[in-house]
Amino acid sequence: MVKLRFPFWLLLATLLPLKALALTELQASVDKNPVSQGEYVALTVTADDDLQSQALDTSALLKDFIVGRTSVGRSTQIINFDTRKETRWQILLAPKQLGQITIPAFEINGVKSNPIQLQVVDSGSQPQQMKNLFLRTSVSSDEAYVGQLLTY
């Protein structure tokens, strides 16, 4: 009778990569804090796995924010046979009221992100960071051909 032996190390080597295929981290961040009333803030939620676009439920944001355009991006990075996948959602939010607003923690497959405290201030209380700039320019000729030198 012949006994077949399956090496334990081979079984272990085939099961170890399965851990890397699961979602382990979910991060949330905003591009600016504090934000002026009437101004949009970009919320970025990043997961360390390749997930479907609908995996992130943003319905909790509707209470305190006007939810704008949501974009989803995915990336895969392979370095020395180590594969890392990432899904990134970017959501434009406009706060509905002044004061301290909490962006709630998001949860996907049992993994939670951190809640974010967002300070919303009156648009007149912030110093104006950018002023409009208008330039008036002209060129030396009204008509030009390809390769012609123009003075701007």
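Values in this document were obtained by computation on a predicted structure and should not be read as measured data.
Of all non-hydrogen atoms in R74 and T87, the two that sit nearest each other are CG-OG1, 4.1 Å. Considering all non-hydrogen atoms of both residues, Q37 and D122 come closest at OE1-OD1, 4.3 Å. The two residues V120 and S36 have their closest heavy-atom pair at CG1-C, 4.5 Å. Considering every non-hydrogen atom in both K85 and T76, the closest pair reads CG-OG1, 3.9 Å.
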Could you go through residues 137-147 and list every donor-acceptor pair under 3.5 Å that involves a side-chain atom there, pairing it with any protein atom two or more places apart or in another chain?
residue	atom	partner	partner atom	Å
S140	OG	T151	N	3.1
S141	OG	E143	N	3.4
S141	OG	E143	O	2.7

All N/O donor-acceptor pairs, side-chain side in residues 95-107, below 3.5 Å, sequence neighbours left out:
residue	atom	partner	partner atom	Å
K96	NZ	L62	O	2.9
Q97	NE2	D64	OD1	3.4
Q100	NE2	Q117	OE1	3.2
T102	OG1	Q117	OE1	3.1
T102	OG1	Q117	NE2	3.0

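Note that the CD1 atom of I108 and the CH2 atom of W89 stand 4.0 Å from one another [nearest 0.5 Å]. Considering OG of S71 and CD1 of I91, their distance stands at 8.5 Å, rounded to 0.5 Å. Atom CG of L92 and atom CZ of R69 lie 5.0 Å apart (nearest 0.5 Å). To the nearest 0.5 angstrom, D49 atom CG is 13.5 Å from R84 atom CZ. How far CG of L56 is from OG1 of T70: 8.0 Å, rounded to the nearest 0.5 Å. With values rounded to the nearest 0.5 angstrom, N33 atom CG is found 7.5 Å from Q119 atom CD.
Side-chain atoms of T44 never come within 3.5 Å of backbone atoms of Q90 as a donor-acceptor pair (strictly under, hydrogens ignored). For the pair N80 (side chain) and D82 (backbone), a donor-acceptor distance under 3.5 Å is absent.
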Yes or no on side-chain contact (heavy atoms from CB on, under 4.5 Å) for L43 and L61, after CA distance, side-chain angles and deciding distance?
CA-CA 11 Å; L43 169 67; L61 297 170; 4.1 Å; yes
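Put simply, Y40 and L93 are part of two different groups of oily side chains (I, L, V, M, F, W, Y) that touch within less than 4.5 Å, one to the next.
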